[in-house]
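The next block holds one structure in the form of structure tokens; read it before the comments.
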Number of protein chains: 2
Amino acid sequence: MQIRILGDIMAEEEIKKISLAVIRRLPKYHKCLGELLRNNVEKVSSQELGQMLGFTASQVRQDLNNFGEFGQQGYGYNVEQLYNEVAKILGLHTEHKMVIIGAGNLGQALANYKDFESHGFKIIAMFDINPRLTGLRIHGVPVYDLEELSYVINENNVDIAIIAVPKENAQQVADVLSGTIIKGIWNFAPIEIKVPPHIMVENVHLIDSLFTLSYKINENKLMERLIKQKSKRFEVKEKIIKKLP
Amino acid sequence: MQIRILGDIMAEEEIKKISLAVIRRLPKYHKCLGELLRNNVEKVSSQELGQMLGFTASQVRQDLNNFGEFGQQGYGYNVEQLYNEVAKILGLHTEHKMVIIGAGNLGQALANYKDFESHGFKIIAMFDINPRLTGLRIHGVPVYDLEELSYVINENNVDIAIIAVPKENAQQVADVLSGTIIKGIWNFAPIEIKVPPHIMVENVHLIDSLFTLSYKINENKLMERLIKQKSKRFEVKEKIIKKLP
DNA sequence: TAGATTGTTAATCGATTAACAATC
DNA sequence: TAGATTGTTAATCGATTAACAATC
């Protein structure tokens, strides 16, 4: 009986969701391990791996232990094994078929990105409403009319759709995608699209990223001004306090 | 004397750095306030603003109070005023001149992004080593030989450089940029570039983003497997425990 | 075996949320 | 004035770091 209860507790504990912070570090591990592997490095300690990535050894061990026990006391981690485990965690063990909606500059640029295919993400089609584009092949990828989106996705077991249309049309496209077998949307339109909960969304909001850079550039000046302002306010308060008793 | 000490303490407190989490929310506030402004909404409460963005009212107030006291008790925030304040915080009150290094598909796509210019980020030049591109104008932006990079930046008061070259050449470009008056680098190459500390860097690592999406798609299956694994391990431990006294 | 390094628990740190006095 | 909502302090929650027993 005691054991049943313990089991239930464990199951509950296990279901605790992995935090996005951890997830976003996984690609870094994957890349670093890939480089070590290519350099024929056989083993790596949490200490070393952390050093290369700017993480603490503790964090590396905590991160990895969310997914299993991949290391060996007194030895460290086998690079090849860990690389494969991380790849599996990231879902890179299966091929992914992708389509791009929007064959404009961004869509074309993405269609030409060699890195995707080399990691098992294959772009099989693009879609556009512009009749001057449909029928063409861009970087080897056929461009279809948007009308055919659902059909092509469902026929070809496409699991990822890339939204590269203007923000005005993004939700419309998302709605069509919601009726297909798609599992994830990589959204480059600067809006928050609404989709059913079984479809995962990852946003690339470039303008947000640029604004963040702008903030960083501006930060020093901003803080100087802020301190001046606050100390002025502080002086005023001082005066008020002095006038009391 | 008492007051001097208090002042010092305050100054110290103020210098505490704003966390990246806060900074990355600022563009969201900016966008939302911009929409409200366009809809002629005059005032907004932290409650309402939070609701629209999926933040708590508390978080909205905490975030904004990092930078000043923009609201009014019993009223809320004036939309126009707050919009302008957030814009100032993000450094959008001054024009930014940008150059793109790498006139390939990505560089061209970025050169054609209307959103940048409409927010005060003006792309004045592109650079490439390909002699078939240099001398051309792409989406109205002149393409120069990479040799001229430093000169053009320094002559035109360019403050942001966009790296859109293959990863093999990214550090080289970053090194050249480090010798110019540039203040920030928006890096699209999938490596961590090294630059002097006065130059701010914002990375857009697309492959990391795609891998994160892949993880999300894969997560459910992954967790199921994980729970099975762990409960199996747990059963083994149970047996061992049972064998003891 | 001794040394190394893991997996994991405990302590610390930081960010988010709640509460409430101040005040418009 | 009464009601509303801020700015800010305190409580909570979650993520990171430290510590250490387990074990290769």
Side-chain angles (χ1 to χ4, degrees), chain A residues 6 9-10 13-26 28-29 41-51 53-79 81-82 85 226 229-230 233-234 236-237 240-241 244, chain B residues 6 9-10 13-26 28-29 41-51 53-79 81-82 85 226 229-230 233-234 236-237 240-241 244:
Chain A
L6 264 172
I9 291 166
M10 291 223 34
E13 240 179 68
E14 258 124 41
I15 290 167
K16 74 162 181 248
K17 246 204 149 203
I18 310 292
S19 84
L20 195 61
V22 174
I23 298 165
R24 293 210 182 278
R25 280 193 293 272
L26 291 174
K28 316 280 183 198
Y29 291 120
V41 179
E42 216 172 64
K43 75 184 183 85
V44 69
S45 68
S46 57
Q47 179 67 240
E48 293 164 333
L49 195 51
Q51 196 132 53
L53 289 162
F55 308 155
T56 62
S58 214
Q59 181 158 63
V60 171
R61 294 202 298 279
Q62 290 278 30
D63 283 350
L64 297 176
N65 274 98
N66 280 306
F67 303 100
E69 296 171 336
F70 305 129
Q72 202 159 83
Q73 281 98 331
Y75 173 82
Y77 300 87
N78 176 279
V79 170
Q81 191 210 324
L82 188 58
E85 290 289 353
L226 236 154
Q229 257 177 47
K230 279 218 183 175
R233 245 201 332 261
F234 181 69
V236 173
K237 277 187 189 170
I240 292 165
I241 291 164
L244 293 177
Chain B
L6 265 171
I9 290 166
M10 292 224 33
E13 240 180 69
E14 259 123 40
I15 290 167
K16 76 164 179 247
K17 245 204 151 201
I18 310 292
S19 83
L20 195 62
V22 174
I23 298 166
R24 294 211 182 277
R25 279 193 293 271
L26 292 174
K28 316 281 184 198
Y29 290 119
V41 179
E42 216 172 66
K43 75 183 182 85
V44 70
S45 69
S46 56
Q47 179 67 239
E48 294 164 333
L49 196 52
Q51 196 132 54
L53 290 162
F55 307 156
T56 63
S58 213
Q59 181 159 63
V60 171
R61 294 203 298 278
Q62 289 278 30
D63 282 351
L64 298 175
N65 273 98
N66 279 307
F67 303 101
E69 296 171 336
F70 305 130
Q72 202 157 84
Q73 281 98 331
Y75 172 84
Y77 300 87
N78 175 279
V79 171
Q81 191 210 325
L82 188 57
E85 291 288 354
L226 236 154
Q229 257 176 48
K230 279 217 181 174
R233 245 201 331 260
F234 180 69
V236 173
K237 276 188 189 169
I240 293 165
I241 291 164
L244 294 178

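Proteins come first, then strands; the chains are lettered A, B, ... in the order of their sequence lines, and each starts at number 1. Computed over heavy atoms, backbone and side chain alike; hydrogens, waters and symmetry mates excluded.
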[X] and [Y]: which non-hydrogen atoms are nearest, and at how many Å?
X      : Y      : answer
L64(B) : L82(B) : CD1-CD2, 4.0 Å
N66(B) : V22(B) : ND2-CG1, 3.9 Å
V44(A) : E48(A) : CA-OE1, 3.3 Å

Tell me, what's DNA chain D's dot-bracket, Watson-Crick or G-U with both distances under 3.5 Å, | for other-strand, [ ] crossing?
-> ..||||||||||||||||||||||
Where protein sits on nucleotides 19-24 of chain C, one letter per nucleotide: B base, S sugar-phosphate only, - none, heavy atoms under 4.0 Å = BB-BBB
Among all residues two or more places apart in sequence or in another chain, which pass the ring-ring contact (aromatic ring centres under 6.0 Å, His included) test with F67(A)?
-> none
Measure [atom1]/[X] against [atom2]/[N] and give the value in whole Å, please.
X      : N       : atom1 : atom2 : value
F55(A) : dA18(D) : CZ    : P     : 16 Å
N78(B) : dT5(D)  : CG    : P     : 15 Å
N65(A) : dT5(C)  : CG    : P     : 16 Å
E85(B) : dG7(D)  : CD    : P     : 11 Å
Q59(B) : dA18(C) : CD    : P     : 11 Å
L20(A) : dT16(D) : CG    : C1'   : 16 Å

Base, sugar-phosphate, or nothing for F70(B), non-hydrogen atoms under 4.0 angstrom?
-> sugar-phosphate
Which residues share a salt bridge (Lys or Arg N to Asp or Glu O under 4.0 Å) with R25(A), sequence neighbours left out =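 Expected list: D63(A).
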Using side chain to side chain contact (heavy atoms under 4.5 Å, CB included) as the criterion, list what pairs up with [X], not counting sequence neighbours.
X      : answer
Q73(A) : none
S46(B) : A57(B), V60(B), R61(B), Y77(B)
Q72(B) : Y75(B)
L20(A) : I23(A), R24(A), K216(B)

Can you pull the salt bridge (charged side-chain N to carboxylate O under 4.0 Å, His left out) pairs that have at least one residue in residues 70-79 of chain A, sequence neighbours excluded?
->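 The answer is none; no pair qualifies.
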Pairwise 5' ranking along DNA chain C for V22(B) and L64(A), keeping only the more 5' one |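 This one resolves to L64(A).
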For Y77(A) and dG7(C), is the shortest distance between a side-chain N/O and OP1 or OP2 below 4.0 Å?
->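 Result: yes.
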Just to confirm, is there a sub-4.0 Å distance from OP1 or OP2 of dT16(D) to any side-chain nitrogen or oxygen of R25(A)?
->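 For dT16(D), OP1 or OP2 has a side-chain N or O of R25(A) closer than 4.0 Å.
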Strand-adjacent residues in residues 43-50 of chain B, judged by heavy atoms under 4.0 Å from DNA chain C = none
For the side chain of Q81(A) and the backbone of N78(A), is there at least one donor-acceptor N/O pair under 3.5 Å apart?
->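 Not a single qualifying donor-acceptor pair exists.
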Side-chain donor/acceptor of Q62(B) to base of dT8(D), under 3.5 Å = no
